[in-house]
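What follows is a single structure, written as structure tokens, with notes after it.
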Amino acid sequence: RIIIGSCSAGYYMRQYYDETGSETELLKGECVECPIGRYSDVSGIESLDDCVLCPTYASTNDARSTNSNDCFCPINSELNDGTNTCECDP
């Protein structure tokens with residue numbers, strides 16, 4: 001799982017640094033899954049914050065999702081595109 005370079009879509013690069021002395025040196029990088037409720041449709045992201053959050057109250061079935069279509073609203077609700085929020089069915 002330890003990789004130096006770029007991670008695939010659905011993953012971000014967690015980086016580990018050595019901060020001893022006056023310079024910061026990258027020790028290694030690790031590809032980590034974007035967690036449930038987030039996705040990444042591009043490769044090479046470098047932070048959990050770069051994994052896109054699903055709309056409010058929506059989630060994904062699994063970690064490492066790669067498409068906004070992986071996000072779904074809970075049963076008996078639907079996505080309001082105007083507010084980007086899952087809302088209860090009337």
Side-chain angles (χ1 to χ4, degrees):
R1 234 174 99 136
I2 304 295
I3 299 172
I4 297 294
S6 179
C7 299
S8 302
Y11 294 81
Y12 69 95
M13 177 70 70
R14 181 183 297 151
Q15 298 176 344
Y16 299 92
Y17 293 92
D18 177 10
E19 297 185 19
T20 59
S22 61
E23 295 184 21
T24 301
E25 179 183 347
L26 177 63
L27 295 177
K28 63 183 178 180
E30 176 182 19
C31 291
V32 179
E33 301 170 339
C34 290
I36 291 176
R38 292 177 180 250
Y39 68 93
S40 170
D41 55 2
V42 297
S43 61
I45 65 172
E46 297 182 351
S47 163
L48 171 61
D49 292 336
D50 295 329
C51 295
V52 181
L53 280 168
C54 289
T56 304
Y57 306 118
S59 191
T60 59
N61 281 322
D62 299 304
R64 73 189 169 282
S65 294
T66 59
N67 192 299
S68 62
N69 291 332
D70 293 338
C71 298
F72 63 92
C73 291
I75 295 173
N76 298 323
S77 66
E78 61 184 36
L79 182 63
N80 178 327
D81 289 325
T83 62
N84 200 35
T85 301
C86 295
E87 297 179 350
C88 293
D89 290 335

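With sequence neighbours excluded, no residue satisfies side chain to side chain donor-acceptor pair (under 3.5 Å) with N84.
Side chain of T60 to backbone of G37: a donor-acceptor contact under 3.5 angstrom is found. Between the S47 side chain and the D49 main chain, a donor and an acceptor come within less than 3.5 Å of each other. The backbone N or O of Y39 sits nowhere less than 3.5 Å from a side-chain atom of R64 that would complete a donor-acceptor pair.
The minimum heavy-atom distance between D50 and E46, with the atom names listed, is OD2-N, 3.4 Å.
Residues C71 and P55 form a side-chain contact, since some pair of their non-hydrogen atoms from C-beta on lies under 4.5 Å apart. At a threshold of 4.5 Å between non-hydrogen side-chain atoms, the residues C51 and Y12 count as touching. Residues S59 and I36 meet the side-chain proximity criterion, which asks for heavy atoms closer than 4.5 Å. You'll find the side chain of L48 stays beyond 4.5 Å of the side chain of C34, heavy atoms only.
Note: the hydrophobic cluster containing V32 also contains V42 (ILVMFWY, side chain heavy atoms under 4.5 Å, direct or indirect links).
Taking CZ of R14 as the reference point, atom CD of E33 lies at 10.5 Å (rounded to 0.5 Å). One finds the CG atom of N80 at 9.5 Å from the SG atom of C86 (value rounded to the nearest 0.5 Å). Taking CD of E87 as the start and OG1 of T56 as the end, the distance is 10.0 Å to the nearest 0.5 Å.
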Would you check, one step at a time, whether the test side-chain contact (heavy atoms from CB on, under 4.5 Å) holds for C7 with M13? CA-CA 6 Å; C7 299; M13 177 70 70; 3.7 Å; yes
Please walk me through it: do Y11 and I45 pass side-chain contact (heavy atoms from CB on, under 4.5 Å)? CA-CA 7 Å; Y11 294 81; I45 65 172; over 6 Å; no
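Through ILVMFWY side-chain contacts below 4.5 Å, L79 is grouped with nothing and stands alone.
With a 6.0 Å radius and a threshold of 12 heavy atoms from other residues, nucleotides or ligands, D89 has its CG atom above the threshold.
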